[in-house]
Amino acid sequence: MTTANSPDTQRRLDANAAANPRAASNAGAQRYAGPLIALHWLIALGIIGLLALGLYMVGLPKGLPVKATLINLHKSLGLTVFLLVLLRIVAKGVLHRPPLPPMPPWQRAAARITQVLLYVSMVAMPLAGYLGSSFNRYGTRFWGIPLPKWGWDDPQLRELFFGFHTVFAWLLIALIVLHVAGALKHQWIDRDNLLARMLP
Ligand code: HEM
């Protein structure tokens with residue numbers, strides 16, 4: 001079956017572009033489905049907020065009361081973003097996704113690799129934070145509700161998972177920079193209006 005984002009459609013678009021390279025592409029004519037757009041921006045805002053909050057709170061002196069409040073806020077927001085990411089993965093499988101505009105194969109591969117790594121990091125990041133938080137005596141509260149405490153106080157496991165959490169934080173920052181740079185290249189250099197597909 002040939003769907004809007006099937007490989008056949010994609011190959012046809014690339015072939016048309018190769019045959020007629022001067023034709024202006026207007027990728028923005030086909031938009032993402034509304035729920036995918038809403039989830040994209042909610043998750044983007046949540047992750048940028050979590051990265052800023054996370055980097056700020058770990059630098060605060062130990063024992064400061066506001067540090068505990070910020071860590072609890074970070075855990076609740078992090079788990080909420082995790083649920084939104086899972087919802088987006090399901091929605092992506094079900095809802096229409098417009099095909100990519102014509103572009104050289106290396107650019108298509110770069111976009112795909114960045115997106116896959118973004119999804120892997122968006123799932124691994126909150127999982128590592130939750131696991132790290134499970135191996136201490138405080139446990140995790142979700143917007144004030146204590147979650148079942150199945151872990152135990154284990155400094156080694158805690159350090160291991162928080163180590164992953166820190167590595168994924170920097171990977172996520174690098175991926176977000178690449179992702180935004182790609183979007184701006186399409187907007188300002190290729191001028192194919194790609195950004196309009198995802199604008200609210
Ligand atoms: C996508 C979601 C998340 C993002 C982007 C994020 C981001 C961050 C960042 C940037 C840091 C600072 C890392 C460092 O400099 O060492 C941090 C620390 C932390 N995060 Fe997250 N986080 C997320 C989800 C979670 C979740 C779900 C939890 C727990 C339920 C959590 C618990 C923590 C804790 C306890 C720390 C402090 C770790 C320490 O004391 O070394 N995070 N987070």
Side-chain angles (χ1 to χ4, degrees), residues 32-95 113-184 195 198-200:
Y32 276 85
L36 288 179
I37 296 178
L39 283 167
H40 175 275
W41 293 109
L42 275 176
I43 292 170
L45 275 180
I47 286 188
I48 291 168
L50 280 160
L51 287 168
L53 177 60
L55 291 173
Y56 172 69
M57 74 192 191
V58 290
L60 292 175
K62 228 178 160 187
L64 204 67
V66 73
K67 184 169 185 171
T69 309
L70 291 180
I71 289 182
N72 277 326
L73 172 65
H74 179 89
K75 289 180 181 179
S76 298
L77 195 57
L79 288 173
T80 305
V81 166
F82 180 57
L83 295 178
L84 291 177
V85 169
L86 295 186
L87 192 62
R88 183 150 209 273
I89 290 172
V90 174
K92 206 164 121 74
V94 177
L95 293 172
I113 292 170
T114 312
Q115 283 183 11
V116 168
L117 287 176
L118 266 171
Y119 273 102
V120 170
S121 311
M122 287 189 303
V123 170
M125 182 74 185
L127 276 182
Y130 173 67
L131 287 170
S133 305
S134 300
F135 292 107
N136 77 10
R137 56 201 153 95
Y138 305 116
T140 301
R141 286 174 170 267
F142 184 58
W143 301 115
I145 303 160
L147 296 184
K149 199 170 175 317
W150 52 268
W152 56 94
D153 198 16
D154 188 326
Q156 278 182 339
L157 281 178
R158 196 162 61 230
E159 257 175 46
L160 177 73
F161 288 118
F162 281 143
F164 284 134
H165 202 56
T166 305
V167 169
F168 273 112
W170 291 106
L171 179 64
L172 208 44
I173 289 171
L175 290 169
I176 291 171
V177 169
L178 273 178
H179 182 74
V180 173
L184 294 181
L195 198 59
M198 195 48 102
L199 287 183

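If you're wondering where the values come from, they're calculated on a predicted model, not measured in any experiment.
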Backbone N/O of Gly129 and side chain of His165: donor-acceptor pair under 3.5 Å
yes
For the side chain of Arg88 and the backbone of Leu39, is there at least one donor-acceptor N/O pair under 3.5 Å apart?
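No, the answer is negative, given that no donor and acceptor are paired below the 3.5 Å cut-off.
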I need the [X] [atom1] to [Y] [atom2] distance, nearest 0.5 Å.
X      : Y      : atom1 : atom2 : answer
Leu157 : Asn136 : CG    : CG    : 11.5 Å
Met57  : Leu64  : CE    : CG    : 13.5 Å
Leu53  : Ile48  : CG    : CD1   : 13.5 Å
Trp41  : Met198 : CH2   : CE    : 7.5 Å
Thr140 : Leu131 : OG1   : CG    : 9.5 Å
Ile47  : Ile43  : CD1   : CD1   : 6.5 Å

Closest non-hydrogen atom pair between [X] and [Y], with its separation:
X      : Y      : result
Pro200 : Ile37  : CA-CG2, 3.9 Å
Ala169 : Leu51  : O-CD2, 4.0 Å
Pro148 : Tyr130 : O-OH, 4.3 Å

Less than 3.5 Å apart, which donor and acceptor atoms pair up between the side chains of residues 70-78 and the rest of the protein, not counting sequence neighbours?
| unit_1 | atom_1 | unit_2 | atom_2 | d |
| --- | --- | --- | --- | --- |
| Asn72 | ND2 | Ala68 | O | 3.4 |
| Lys75 | NZ | Gly139 | O | 3.0 |
| Ser76 | OG | Asn72 | O | 3.2 |
| Ser76 | OG | Arg141 | O | 3.4 |
| Ser76 | OG | Trp143 | N | 2.8 |

Is the closest side-chain heavy-atom distance between [X] and [Y] below 4.5 Å?
X      : Y      : result
Val81  : Val85  : yes
Pro155 : Phe135 : no
Tyr119 : Met122 : yes
Trp150 : Ser134 : yes
Leu79  : Pro126 : no
Phe164 : Met125 : no

Hey, what's the ring geometry for His179 with His40, parallel, tilted or perpendicular (30° and 60° as the breaks)?
tilted
Leu55 pairs by side-chain contact (heavy atoms from CB on, under 4.5 Å) with which of Ile173, Thr166, Leu50?
Ile173
Show the numbers, then the answer: is there a side-chain contact (heavy atoms from CB on, under 4.5 Å) between Leu83 and Leu87?
CA-CA 6 Å; Leu83 295 178; Leu87 192 62; over 6 Å; no
Show, in sequence, the C-alpha distance, side-chain angles and deciding distance for Leu172 and Leu118, and conclude whether the side-chain contact (heavy atoms from CB on, under 4.5 Å) test is met.
CA-CA 7 Å; Leu172 208 44; Leu118 266 171; 4.0 Å; yes
Please say whether more than 12 non-hydrogen atoms of neighbouring residues, nucleotides or ligands are located less than 6.0 Å from CZ in Phe142.
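Counting neighbours around CZ of Phe142, more than 12 heavy atoms of other residues, nucleotides or ligands fall under 6.0 Å, so yes.
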